[in-house]
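Have a look at the structure below, then the notes.
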Amino acid sequence: MERPIIIEQQDRVVIITLNRPAARNALNSEIMHALAAELVPLDRDPGVGCFVLRGSDKAFAAGADIKEMADKSFSDMFGDDFFAAWDRFASFRTPKIAAVSGYALGGGCELAMMCDIIFAADTAMFGQPEIKLGVMPGMGGSQRLTKLVGKSKAMDMILTGRMMDATEAERCGLVARVVPADKLMDETLAAARTIAGYGKAATMAAREAVDRALEGGLREGLLFERRLFHSLFATADQKEGMTAFIEKRDPKFQGK
Ligand code: HXC
């Protein structure tokens with residue numbers, strides 16, 4: 001059976017590859033539980049100085065798995081605290097770089113933003129298209145994207161559901177560097193090796209300090225956002241939006 005994630009270590013750098021390319025790396029519970037669990041010992045390992053998270057050429061990740069979520073009710077989402085595993089990924093203390101090639105949409109964009117740095121291939125496309133499914137960002141998009149790119153651009157992305165390309169993403173501060181697709185891993189690994197070459201206590205402390213600059217109110221914002229996301233599973237529009245995606249047709253929203 002295919003592993004949901006592939007983990008390779010090169011000296012002090014750990015490369016994690018999301019491994020559902022045929023589903024555009026849609027992030028199902030299996031992938032997120034693997035990410036949350038398998039990285040725990042590596043995060044604590046003093047011999048590991050940097051994580052690099054990547055997807056496939058076509059898709060870093062096309063979001064949370066719509067097929068897994070489509071039939072869930074409010075009580076399923078709220079009762080299971082659906083997405084709790086994602087918090088564990090966000091809380092790893094080892095510096096993490098997202099190497100984004102192709103689509104980083106919805107939860108895929110949110111997963112990239114949980115990393116400390118995003119490097120983008122010139123093929124990268126970012127977006128928070130949840131609105132098209134009758135829901136909204138549920139794992140940090142409304143909070144982290146707004147802090148990174150400002151209110152106006154975040155509202156544009158979240159309310160229209162449009163994508164932005166790598167150039168726009170660099171211009172507005174979502175990504176640190178844009179590089180040609182065939183150089184993405186070379187450039188990302190060079191930066192990862194540099195980071196991993198420093199003292200781990202210092203890099204962990206530095207990233208925590210930078211995060212403090214952004215995190216005022218983030219905890220409350222994230223919880224607020226997640227509860228709203230869960231509650232949208234009580235609407236008919238969520239069922240219609242997700243079913244329409246699976247059936248490959250346009251949704252007919254009724255505002256209820
Ligand atoms: C489940 C998905 C998926 C997803 C793609 N697939 N994205 N399955 N969940 N998020 C599946 C398709 O159903 C299809 O399955 C296969 O992957 C290939 O997808 P295509 O659409 O044929 O590929 P392509 O034409 O290249 O288009 C790629 C795409 C498109 C632009 C990324 O797939 C797309 O728009 N996906 C949905 C993006 C999205 O809405 N993301 C937000 C999800 S909600 P079959 O079986 O037909 O081969 C979300 C909420 C976050 O993330 C909340 C907190 C985590």
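All ligand and atom numbering here is 1-based and tracks the order in the structure.
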Arg54 and Glu8 ion-paired at < 4.0 Å: yes
4.0 Å protein heavy-atom contact status of atom 21 (O) of ligand 1, strictly under: no
Row check, Phe245 ring normal vs Lys67 NZ/CZ: under 6.0 Å, within 45°: no
For atom 28 (C) of ligand 1, closest protein heavy-atom neighbour: Tyr103 CE1, 3.7 Å
Identity and separation of the nearest protein heavy atom to atom 7 (N) of ligand 1: Ala62 CB, 3.5 Å
Atom 10 (N) of ligand 1 protein-contacted (non-hydrogen atom, under 4.0 angstrom): yes
contact_flag Lys248 ligand 1 heavy-atom lt 4.0 Å: yes
Gln9 side, atom CD; Phe51 side, atom CZ - distance, nearest 0.5 Å: 9.0 Å
Heavy atom of the protein closest to atom 26 (O) of ligand 1 (residue, atom name, distance): Arg24 NE, 3.1 Å
Which residue and heavy atom of the protein sit nearest atom 35 (O) of ligand 1, plus the separation: Phe245 CE1, 4.2 Å
Shortest protein heavy-atom distance from atom 46 (O) of ligand 1, along with the residue and atom involved: Lys67 NZ, 3.3 Å
Sidechain N-carboxylate O distance under 4.0 Å for Glu2, Arg20: no
Selection from Ala26, Ala64, Pro21, Gly141 by shortest heavy-atom distance to atom 3 (C) of ligand 1: Ala26
Heavy-atom proximity to atom 40 (O) of ligand 1, best of Leu133, Asn25, Asp65: Leu133
Exercise check, heavy-atom protein proximity under 4.0 Å to atom 30 (C) of ligand 1: no
Ala22 contact mode with ligand 1 (heavy-atom cut-off under 4.0 Å): backbone
Results of salt bridge (charged side-chain N to carboxylate O under 4.0 Å, His left out) for Arg144 - residues two or more places apart only: none
Heavy atom of Ala23, distance to ligand 1 below 4.0 Å: yes
